[in-house]
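Convention: sequence-line order gives letters A, B, ...; per-chain numbering from 1. Side-chain atoms are counted along with the backbone in the values below, which use heavy atoms only and exclude waters and symmetry mates. Bear in mind the structure is a predicted one, so any value in this text is a computation, not a measurement.
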There are 2 protein chains.
Amino acid sequence: MSTILDVCKLAGVSKATVSRVINGIGQVKPSTRENVFSAMKELGYRPNRLAQALATNKTHTIGLVVSDFDGIHFGLLLKQAAASAEFAKKQLIVTDGHNDPDYEYEVILQLEAQCDAVVLYSRTLTDEHIQRLHEQLTIPIVVLNRNMPEQCFHSVSFEQEAAVTIMMDHLFEKGHQKIACITGHMGNPTGKARLNGYKNSLQAASIDFKDELVKHGVYDMKSGYQACKELLNEGITFTAIVAFNDCMALGALKALTEAGIKVPEQVSITGIDNDPVSEFFTPRLTTVKLPITDMTKQAIELAITLCDETKPTHSYQYKGQLIERESVASVYTANN
Amino acid sequence: MSTILDVCKLAGVSKATVSRVINGIGQVKPSTRENVFSAMKELGYRPNRLAQALATNKTHTIGLVVSDFDGIHFGLLLKQAAASAEFAKKQLIVTDGHNDPDYEYEVILQLEAQCDAVVLYSRTLTDEHIQRLHEQLTIPIVVLNRNMPEQCFHSVSFEQEAAVTIMMDHLFEKGHQKIACITGHMGNPTGKARLNGYKNSLQAASIDFKDELVKHGVYDMKSGYQACKELLNEGITFTAIVAFNDCMALGALKALTEAGIKVPEQVSITGIDNDPVSEFFTPRLTTVKLPITDMTKQAIELAITLCDETKPTHSYQYKGQLIERESVASVYTANN
DNA sequence: CAAAAAAAAGTAACCGGTTACATTGGCGAT
DNA sequence: ATCGCCAATGTAACCGGTTACTTTTTTTTG
């Protein structure tokens with residue numbers, strides 16, 4: 001790979017002049033500029049971004065850290081992040097934390113010199129971890145899809161509890177009372193908030209919370225499938241299942257189908273996310289849309305802004321939206 | 001962020017000594033080492049990777065470039081890539097090319113200074129692009145999931161044509177003769193090879209190729225759905241559909257279900273990939289497994305090897321494997 | 001105890017760029 | 001012809017590390 005010195009030699013000028021031409025700043029005689037350009041072309045010269053970054057302390061790169069590469073919204077998130085970054089001519093570098101908080105923590109620290117800002121979509125880090133990162137890092141962090149307890153972070157979040165409430169209200173309207181629940185990880189704020197949504201909705205409707213109606217999954221189809229099988233095996237009666245995401249809802253759908261239970265005629269199922277695949281199952285899944293694309297766009301754009309200017313912390317919060325399809329039926333209809 | 005000079009001052013030693021301590025090479029008196037360590041700790045010092053990379057011309061980073069972040073095998077591929085990279089203590093940086101060959105080409109060139117090797121999983125670049133990259137880049141490239149015409153590349157590929165052949169043979173065995181085909185993009189080698197598989201299988205079975213049985217999709221569920229609808233609308237008769245991936249097969253399944261056509265009783269459907277979701281549809285999809293995890297592991301490990309030593313070009317080729325589930329029925333059964 | 005060898009530490013150049021500042025040269029005004 | 005100004009270019013320090021080589025200190029050995 002040729003360096004700036006090779007270009008200097010070939011064009012017969014100094015480093016400073018070549019640098020001026022590369023960056024298009026300062027005064028350079030047109031004829032000289034041409035010489036330099038043709039030298040660069042002849043050599044196939046491309047500036048070394050590492051060297052540039054070191055010299056300017058600007059990387060033009062946004063770091064995106066996710067806890068795990070098979071995260072739920074992964075595809076849509078990455079796609080939007082890549083699009084937003086490219087639009088602003090920033091490089092995007094994506095890393096995962098292997099679902100290991102300590103590793104993830106390290107990864108983020110390592111990113112410091114390589115990025116101008118970091119967007120963090122973590123489900124394993126604790127709030128304390130994030131707080132510490134915030135204190136240690138000299139580059140700004142934007143926390144995506146997570147409600148931070150204090151307002152000292154840039155964040156783009158989602159009303160987790162409300163998402164479940166929306167769904168529960170929908171089911172109540174359809175006459176459901178015995179509603180089973182398949183949760184996600186209970187170790188992080190998202191899971192807790194959503195479970196609160198479930199409990200509070202029941203309470204608001206004066207329905208007793210029953211522990212045996214709640215099963216814990218890990219946000220994938222398999223765990224939804226298993227959770228649902230447990231419900232069935234234990235002979236618990238219910239007319240609807242609220243799953244904390246679409247994947248688990250679809251897993252549950254599979255379990256019900258295998259057991260010969262008709263959805264939605266005998267049991268209704270709902271998810272959260274509006275995963276693209278949810279439309280292709282039969283019945284199509286009723287769900288609450290989590291606008292991950294919009295949220296990601298917001299987060300990346302915020303991060304990009306923060307590369308160049310410091311802004312007071314800003315949090316954006318998004319709401320879920322009910323998407324009614326065919327996996328929920330009215331209990332009255334079902335019973336007639 | 002503190003630098004090596006801050007550590008020098010605090011520990012009262014020179015840069016060289018600090019560097020020795022950081023890297024654990026050379027002779028350093030134990031007491032000095034302790035001083036340096038505690039200085040580093042006190043300052044929360046972490047070496048600047050950019051500066052290290054510039055000085056040593058080693059980045060300890062593998063670049064992974066995909067044409068698009070919603071690529072088919074995306075989740076599994078990334079997950080394995082991240083795991084393999086971490087295992088070797090390499091950083092992984094992932095970038096997409098926005099499905100735009102020119103942009104992707106640029107992205108890869110830009111990566112040169114930032115990585116020790118690149119793994120390329122491209123569906124938009126032409127063979128010529130890749131050839132040119134190979135000539136221009138001073139870092140090794142490993143081409144993943146693509147059969148390169150010449151043996152001058154490191155590559156990990158899949159027997160594309162055979163994958164379709166396996167499936168066709170399976171359908172023939174089950175008595176199918178009228179087999180529709182939903183292809184992927186026909187602009188790249190994968191699509192062409194798979195279509196050859198379809199055509200050659202027909203020929204080998206002495207069945208005439210019929211153009212109207214072939215519809216083109218773009219590897220997503222929606223296009224599979226639409227392709228299948230077209231087949232139905234045009235009133236073409238067929239007893240099985242061979243889709244060039246699972247997503248399209250599942251889209252087709254949806255279209256058939258909506259049309260009241262029973263799968264597999266009336267029409268059989270097959271895919272390629274063994275996408276994790278395929279098991280959760282009803283009926284579960286019969287498919288040909290593309291061992292993307294193994295292939296990715298191989299590619300990343302090869303790339304990592306190439307960081308440290310030059311090796312003669314090596315190509316690995318993987319075969320598909322039939323995974324029989326319930327989306328294919330025997331025609332004889334279906335007709336009885 | 002002096003000399004030689006080994007260990008420990010420092011110096012300075014280098015990686016490939018950027019940039020503040022200095023220098024040169026050409027031109028118009030006086 | 002002289003001066004001043006500005007455009008054009010060069011010089012050298014710097015970004016934060018590494019490393020070959022040199023110097024200093026300590027230990028070993030005869």
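Proximity note for A:Asn23 (side chain, C-beta onward) versus C:dT18, C:dA9, D:dT18: the nearest is C:dT18. Nearest nucleotide to the side chain of B:Leu54, out of D:dG17, D:dA20, D:dG16: D:dG16. Side-chain proximity of A:Ala51 to the nucleotides C:dG16, C:dT18, D:dT19 is greatest for C:dG16. For B:Gln27, taking side-chain heavy atoms from C-beta onward, the closest of the listed nucleotides D:dG10, C:dA7, C:dA9 is C:dA7. Side-chain proximity of B:Thr3 to C:dA8, D:dG16, D:dT9: nearest is D:dG16. With D:dT9, C:dG17, D:dT19 as the choices, the nucleotide that has an atom nearest any side-chain atom of A:Ile4 turns out to be C:dG17. For A:Ala55, taking side-chain heavy atoms from C-beta onward, the closest of the listed nucleotides C:dG16, D:dT18, C:dG10 is C:dG16.
Ring pair A:His134/A:Phe153 is tilted by interplanar angle, where 30° to 60° counts as tilted.
A close approach under 4.0 Å does occur between a side-chain nitrogen or oxygen of B:Thr17 and OP1 or OP2 of C:dG10. One finds a side-chain N or O of A:Gln52 lying less than 4.0 angstrom from the OP1 or OP2 phosphate oxygen of C:dT18. Distances shorter than 4.0 Å separate some side-chain N or O of A:Thr32 from OP1 or OP2 on D:dT9.
The only member of B:His129, B:Glu104, B:His98 that meets side-chain hydrogen bond (donor to acceptor under 3.5 Å, both in side chains) when paired with B:Thr124 is B:Glu104.
Between the side chain of B:Arg46 and the backbone N or O of A:Leu109, at least one donor-acceptor pair lies under 3.5 Å. Remark: the backbone N or O of A:Arg123 is paired with a side-chain donor or acceptor of A:Ser67 at under 3.5 angstrom. Proximity of a side-chain donor or acceptor of A:Asn188 to a complementary backbone N or O of A:Gly191 within less than 3.5 Å is detected. B:Asn48 places a side-chain N or O within donor-acceptor distance of the main-chain N or O of B:Leu50, the cut-off being under 3.5 Å. B:Lys90 contributes no side-chain N or O that, together with a main-chain N or O of B:Ser84, makes up a donor-acceptor pair within less than 3.5 Å.
Nearest-nucleotide mapping onto DNA chain D: of A:Asn57 and A:Gly26, the residue sitting toward the 5' end is A:Gly26.
A:Ser19 comes within contact range of at least one nucleobase, with a heavy-atom separation under 4.0 Å. At the heavy-atom level, B:Val13 lies under 4.0 Å from the strands shown only through sugar-phosphate atoms. At the heavy-atom level, B:Asn48 lies under 4.0 Å from the strands shown only through sugar-phosphate atoms.
Atom pair B:Lys9:NZ and C:dG10:P shows a separation of 15 Å (rounding to whole Å applied). The distance from atom NZ of A:Lys15 to atom P of D:dA13 is 12 Å, rounded to the nearest whole Å. Atom OH in A:Tyr45 sits about 7 Å away from atom C1' in C:dG16, given to the nearest Å. Between the CG atom of B:Asp6 and the P atom of D:dG16 there is a distance of 9 Å, rounded to whole Å. We find that CD1 of A:Ile25 is positioned 15 Å from C1' of D:dA8, with the value rounded to whole Å. Across the protein-nucleic acid pair, A:Lys58 atom NZ and C:dG17 atom P stand 20 Å apart, rounded to whole Å.
Interface residues of residues 108-116 of chain A facing DNA chain C, ordered by number: none; criterion, heavy-atom separation under 4.0 Å.
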Could you go step by step and tell me if A:Thr296 and A:Leu64 meet the side chain to side chain contact (heavy atoms under 4.5 Å, CB included) rule? CA-CA 10 Å; A:Thr296 304; A:Leu64 174 61; 5.9 Å; no
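Judged by atom type and distance alone, B:Arg20 reaches the base of C:dG10 through a side-chain donor-acceptor pair under 3.5 Å.
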